[in-house]
Amino acid sequence: MKVAITSTGNSLISKVDQRFGRCAYFVIYDTVTKAMEFIPNAGIHAEEGAGSAAVQLIASRKVEKIVSVEFGFKVKPLLDSLKIQMISIKGEHTVQEIIDMIEKS
Amino acid sequence: MSPRHKRIRKILNIPLMKGFKPYGNQILQEEKRELITLYYEEYEAIRLCDYEKKNHCEASELMQISRPTFTRIYADAREKIAQALVEGKQILIEGGKVYFDSDWYHCSGCTCHFNNPNKEQDVLVCPLCGGKEIHKVEETKTGCVKRF
């Protein structure tokens, strides 16, 4: 299963980005192969439609779960129809902490 | 004057299939058959009323529309299905003014919120920390998920 985490930077010690559509990087973590992929988000400075573009990117990688803080109102119904789970985590966490949590469960 | 806008109807899931086809010799001979388009909201009305056995009032609340609107959608749906059944037409389920929604949960273990995209299955553990202390976030009156 693949999990996407929004990140502020391209390393494991980066913090989780507060926004889904306009995050700096997407970290795509594969729980089976333990492979990690950092994808820079092209829509970071987009005027509008950043969320939908991000959903397209995520859906093309066959991600099943997304960890972020805030999801935009346009993104929620899109992800619902694609059956992608949204996980909204409060507080400051690094990407490494999130991956550790997923691994433990 | 422009017509009144349609309120967006809330549906749980898209149907498992795209439509239905009649079978039998008579039908197969006539290749050019019209399609009947059943909208998603009409499918949802049939599902809520006849499959889940809810009354129109309960069903209309679930779809975030008024009771008379629900009854109208339901009547249209039955009319289309009856027409397809009698005239041997194909049913295509698509379109309509709908949006999707899912239930939200809160985990006390890692203080995260998450939704359940697979509505047929109940969630028992937190997808992040695997904790069992989860509870459903109650929806507000407007049907929107509370901001957090």
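By convention in this document, chain letters (A, B, ...) are assigned in the order of the sequence lines, proteins followed by strands, and residues within each chain are numbered from 1. Worth knowing before you read on, the calculation uses all heavy atoms, side chains too, and leaves out hydrogens, waters and symmetry mates.
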For this session: Check whether A:Val95 and A:Met1 end up in the same hydrophobic cluster, where Ile, Leu, Val, Met, Phe, Trp and Tyr are linked by side-chain heavy atoms less than 4.5 Å apart.
Result: yes
For this session: Below 4.5 Å from any heavy atom of chain B, which atoms of A:Ile84 appear? Answer side chain, backbone, both or neither.
Result: backbone
Exercise. Using non-hydrogen atoms only, which part of A:Val67 is less than 4.5 Å away from chain B: side chain, backbone, both, or neither?
Worked result: side chain
Exercise. Linking I/L/V/M/F/W/Y whenever any side-chain heavy atoms sit under 4.5 Å apart, do A:Ile99 and A:Val16 land together?
Worked result: yes
Exercise. Are A:Phe38 and A:Ile44 co-members of a hydrophobic cluster defined by side-chain heavy atoms under 4.5 Å apart?
Worked result: no
Exercise. Given the rule that I, L, V, M, F, W and Y join up when any side-chain heavy atoms are under 4.5 Å apart, are B:Met17 and B:Tyr40 in one cluster?
Worked result: yes
Exercise. Tell me, do A:Met86 and B:Phe114 make a side-chain contact under 4.5 Å, heavy atoms counted?
Worked result: no
Exercise. If you count heavy-atom pairs under 4.5 Å with chain B, which of A:Lys65, A:Glu64, A:Glu103 comes out on top?
Worked result: A:Lys65
For this session: Could you pull out the closest heavy-atom pair between B:Cys112 and A:Ile87, with the gap in Å?
Result: SG-CG2, 4.0 Å
Problem set entry | A:Val32 reachable from A:Met36 in the ILVMFWY side-chain graph, under 4.5 Å edges | no
Exercise. Would you say B:Asn115 and A:Gln85 make side-chain contact, with heavy atoms under 4.5 Å?
Worked result: yes
